[in-house]
Number of protein chains: 4
Amino acid sequence: MPKLSERKKQMVEKMMRGALYQAASSVMSEYGWPGLTMDRVAEEAGVSKGTVYNYFKDKKELVWFVITNLALDIEERLKNIIESHQSCAETVKEIVMKELQGRREHGHLATAIIHAFHEEPELRKRMLSSDHPFNRVDKMIEDLFARGMEKGEFRKMDPKAMQSVFSAILMGISRRWAGGRLDIGTDEMSDFIISLLNEGIVRKDN
Amino acid sequence: MPKLSERKKQMVEKMMRGALYQAASSVMSEYGWPGLTMDRVAEEAGVSKGTVYNYFKDKKELVWFVITNLALDIEERLKNIIESHQSCAETVKEIVMKELQGRREHGHLATAIIHAFHEEPELRKRMLSSDHPFNRVDKMIEDLFARGMEKGEFRKMDPKAMQSVFSAILMGISRRWAGGRLDIGTDEMSDFIISLLNEGIVRKDN
Amino acid sequence: MPKLSERKKQMVEKMMRGALYQAASSVMSEYGWPGLTMDRVAEEAGVSKGTVYNYFKDKKELVWFVITNLALDIEERLKNIIESHQSCAETVKEIVMKELQGRREHGHLATAIIHAFHEEPELRKRMLSSDHPFNRVDKMIEDLFARGMEKGEFRKMDPKAMQSVFSAILMGISRRWAGGRLDIGTDEMSDFIISLLNEGIVRKDN
Amino acid sequence: MPKLSERKKQMVEKMMRGALYQAASSVMSEYGWPGLTMDRVAEEAGVSKGTVYNYFKDKKELVWFVITNLALDIEERLKNIIESHQSCAETVKEIVMKELQGRREHGHLATAIIHAFHEEPELRKRMLSSDHPFNRVDKMIEDLFARGMEKGEFRKMDPKAMQSVFSAILMGISRRWAGGRLDIGTDEMSDFIISLLNEGIVRKDN
DNA sequence: TATGAATGAGATTTCATTCAT
DNA sequence: GATGAATGAAATCTCATTCAT
């Protein structure tokens, strides 16, 4: 029965790629993007360098997998937040709080990924394909704003522009924390961003 | 008259450093931060590798010079804008328009510099010193918001937080353009950001 | 049985380091200390440059290994000589003969090592640690003289001073041979040194 | 009258070479042999690098000049000592004291020169030519021992062998001092060497 | 003749990738 | 499939030497 062994093989493969994802993330967090060497990943994962190459054709493949997985994590978190709220305004509020919190904790990782992305033209090109998780994350946020407008919670505007600005804020603040250039607390910053968005994008009835 | 030759020498030195700055910027724009090799800079500038080392002690020095010069350019632009307006709100408006425009043109460079900054601990340390042009730029924006509050143009808030968010927006949008992930025009984006800020931070009298 | 493969690996490692030691010695003999480049060592050993770095972290490590091995060789020879004699005077005699012979054959190497030692502050520091083979060699000779004094074979003197002079003679003569500046035979030179140690140079009238 | 300007030119040349000798010695003392760069010599001498090349064809020429001059200094010192004594034994005694003293003070310089000499095969070859000051120094010492034998002050032996050993001792002890491996004082060491030469090390019972 | 900017060969070191076992 | 030793391209930096001014 070849199917069983086939399934088993696939499972092993999946687990191995997962383990290597963990290892690569960990190395990136600790050493940053330029410190992400195949040796370190292999050692962190407890396998040999050759093994890494058995599961990933080259370094780019590995990095791509890491980026994608990270985006999937974010996508998952977002989905949960979105599904558990009725009000779009409330949803945005919670995204700000949770994401700022989460990214502050993994600041270096996010930064490292940005580096990777900007560094490798090939990665950049692949990222532009519309069904990448990163793009889906962007789309989810865009849709959230669009929905808010339809429901009358937000005033009319270009949802794509709004999403870009929103993401820029989250990313920029995270990076400032990671770089030690900002000593405002997470809560204060959340409150501030939310108040900015509220009084800026919420329609005022009177 | 030794002064003449002395001045001449200094001019030559200045021109050479300027040329190397141009070359390094150009290489960074094209190849990104990790593609910034001394060989490429030398070739782009049309001199030999050794010559680069005659003007910059090592790679860090060169990168530092590039970063600083870029920041000086920005500082200069900002100062001009600030000095030519009475209203803080108007000033902010023009900063958004001009900076988005300017950074859009040098998008890759800005991104590359961010990488350099996050990558080299030594650069990071030097950058945190408060009188670096980059910090002065931040300070100028922070002061602008503070002044706006005093004058009653803006509502009360933490000017430091506001500056962080403002800079994050400009930087993030520039990066999206540079990465080809945003196809909204400069004018539209300016307008959107300004409207967001206006209705968000401007005090409403009634 | 993992031990087998482990042992095999260690053997391979040992052999490779041995081969690189041979190669480095050979290069040093031919080109002197500053001619000891990693490229030459790799080529002489018939491996690639990268391989050398797989076995020695950097050049200093390699040089250190070479120095230490040479010193171990000398230590071994000395120990054998010392153990096989009763009389200290006889021991000294044989050391002179054997060492002059041995060093004459590896003259350039010894010289090159002296250079390495004087040139690299780090090597110097490590060498001053008291349990390095080179220091043990010095100590063995010092002890030999001290023992000779206790037994009444030698007259009283500072054994450390005596060892320094003794080593200086052996080293200096080797260097002269290596430099082609001395055309006296090994046997004659041995005899002369021994007679000098025995009687001094001043004629005693009686 | 071309002769005058000719003489003047030669004087300038001589002074310049002398100044460069001083500069090179000074640099060698401070930085050791591998630190002897043309830049440092030029700066120490207060002239430009190009000027150094106007007086010395290349680095080897400069080093050769330095070595030769140093040997001339030693030759001068030796000649003075030899001429001012009747007894050969006394002369040897004073040479030991003076040379140990002098070399201890310029220990690093002597060491550096040894490096230079062993490093450059060409220098080595030129040094073997019999009328080099270094060889004349050796010859003077050899003659001193030969004369001592004729006069009956020293017992019969090969004067060349004796000179080799004598020089080896002086050089070896200097090097040990320079390397920080010997903490016996100059006077004690002089006394010890002289007593060794006088009587040897073996105890004579009678 | 003096200068010193420019040169480029050459040294050390890193690390992605291959391949024999 | 796993291993990890071997590889060599590529990067940074030094410094003897040349040559236009």
Side-chain angles (χ1 to χ4, degrees), chain A residues 9 12-13 16 34-43 45-63, chain B residues 2 5 8-9 12-13 15-16 34-43 45-63, chain C residues 2 5 8-9 12-13 15-16 34-43 45-63, chain D residues 9 12-13 16 34-43 45-63:
Chain A
K9 207 175 82 179
V12 168
E13 171 134 0
M16 184 61 104
L36 179 72
T37 68
M38 296 305 257
D39 282 84
R40 286 214 183 97
V41 172
E43 194 189 332
V47 299
S48 78
K49 225 181 339 178
T51 301
V52 180
Y53 278 89
N54 285 337
Y55 293 93
F56 296 98
K57 164 174 153 285
D58 56 21
K59 194 182 172 180
K60 275 195 257 296
E61 277 278 319
L62 172 62
V63 170
Chain B
S5 72
K8 198 172 133 196
K9 205 177 81 181
V12 168
E13 168 130 4
M15 283 181 61
M16 183 61 108
L36 179 73
T37 68
M38 296 308 254
D39 281 87
R40 285 213 184 96
V41 172
E43 194 186 334
V47 299
S48 78
K49 222 183 339 182
T51 299
V52 180
Y53 279 91
N54 285 339
Y55 291 92
F56 296 97
K57 164 175 152 287
D58 55 22
K59 194 182 171 177
K60 274 194 256 298
E61 278 277 322
L62 172 61
V63 171
Chain C
S5 73
K8 197 172 133 197
K9 205 178 81 178
V12 168
E13 168 130 2
M15 282 181 60
M16 183 59 108
L36 179 73
T37 70
M38 296 307 253
D39 281 87
R40 286 213 183 97
V41 171
E43 195 188 332
V47 298
S48 78
K49 226 182 335 181
T51 300
V52 179
Y53 280 89
N54 285 339
Y55 292 92
F56 296 97
K57 165 175 152 287
D58 56 20
K59 194 180 171 179
K60 276 194 256 295
E61 278 277 320
L62 172 61
V63 171
Chain D
K9 207 175 81 179
V12 168
E13 171 133 359
M16 184 62 104
L36 179 72
T37 68
M38 296 305 256
D39 281 84
R40 287 215 182 95
V41 171
E43 194 188 333
V47 298
S48 77
K49 225 185 334 180
T51 301
V52 179
Y53 278 90
N54 285 336
Y55 293 93
F56 296 98
K57 163 174 153 285
D58 56 21
K59 195 181 172 181
K60 275 196 257 298
E61 278 278 320
L62 171 62
V63 170

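Computed from a prediction, not measured in an experiment: that's the story for all the values here. Every chain is numbered from 1 and lettered A, B, ... according to where its sequence line falls, protein lines coming before strand lines.
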Legend entry - C:S48 vs F:dA6: side-chain N/O to OP1/OP2 distance below 4.0 Å: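 False: C:S48 side-chain N/O out of range (4.0 Å or more) of F:dA6 OP1/OP2.
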
Inset, instruction - Output yes when at least one side-chain N/O atom of D:Y55 is less than 4.0 Å from OP1 or OP2 of E:dA2, else no. - result: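 Result: yes.
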
Strictly under 3.5 Å: I want the nitrogen or oxygen pairs between protein and nucleotides 15-17 of chain E, one per line.
{"unit_1": "E:dA16", "atom_1": "OP1", "unit_2": "A:K59", "atom_2": "NZ", "d": "3.1"}
{"unit_1": "E:dA16", "atom_1": "OP2", "unit_2": "A:M38", "atom_2": "N", "d": "2.8"}
{"unit_1": "E:dT17", "atom_1": "OP2", "unit_2": "A:Y53", "atom_2": "OH", "d": "3.1"}
{"unit_1": "E:dT17", "atom_1": "OP2", "unit_2": "A:K59", "atom_2": "N", "d": "3.0"}
{"unit_1": "E:dT17", "atom_1": "O4", "unit_2": "A:K49", "atom_2": "NZ", "d": "2.9"}

Whole angstrom value for the distance that separates [atom2] of [N] from [atom1] of [X]:
{"X": "C:K9", "N": "E:dT21", "atom1": "NZ", "atom2": "P", "answer": "18 Å"}
{"X": "A:M16", "N": "F:dT3", "atom1": "CE", "atom2": "C1'", "answer": "11 Å"}
{"X": "C:K8", "N": "F:dG4", "atom1": "NZ", "atom2": "C1'", "answer": "12 Å"}
{"X": "A:F56", "N": "E:dT18", "atom1": "CZ", "atom2": "P", "answer": "16 Å"}

Legend entry - Shortest non-hydrogen contact between C:K59 and C:L36, atoms and distance: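 Looks like NZ-O, 2.8 Å.
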
Legend entry - Closest heavy-atom pair and its distance - D:A42, D:S48: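 Nearest heavy atoms, D:A42 then D:S48: CB-C, 3.8 Å.
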
Inset, instruction - Could you tell me whether the side chain of D:M38 reaches within less than 4.5 Å of the side chain of D:L62, counting heavy atoms only? - result: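 In short, these two side chains touch, coming nearer than 4.5 Å.
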
Inset, instruction - Using a 4.0 Å heavy-atom cut-off across all strands, classify B:V47 as base, sugar-phosphate, or nothing. - result: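 Sugar-phosphate contact only.
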
Inset, instruction - Using salt bridge (Lys or Arg N to Asp or Glu O under 4.0 Å) as the criterion, list what pairs up with D:E61, not counting sequence neighbours. - result: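 Checked D:E61 against salt bridge (Lys or Arg N to Asp or Glu O under 4.0 Å); matches are D:R126.
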
Going by the rule side chain to side chain donor-acceptor pair (under 3.5 Å), which residues pair with [X] if we only count those two or more places apart in sequence or in a different chain?
{"X": "D:T37", "answer": "none"}
{"X": "C:D58", "answer": "none"}
{"X": "A:K49", "answer": "A:D39"}

Legend entry - Per-nucleotide pairing state of DNA chain E [Watson-Crick or G-U, under 3.5 Å; [ ] pseudoknot-crossing; | other strand]: .||||||||||||||||||||

Inset, instruction - Count the heavy atoms belonging to other residues, nucleotides or ligands that lie under 6.0 Å from CD of A:E13, then report whether that count exceeds 12. - result: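 Counting neighbours around CD of A:E13, more than 12 heavy atoms of other residues, nucleotides or ligands fall under 6.0 Å, so yes.
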
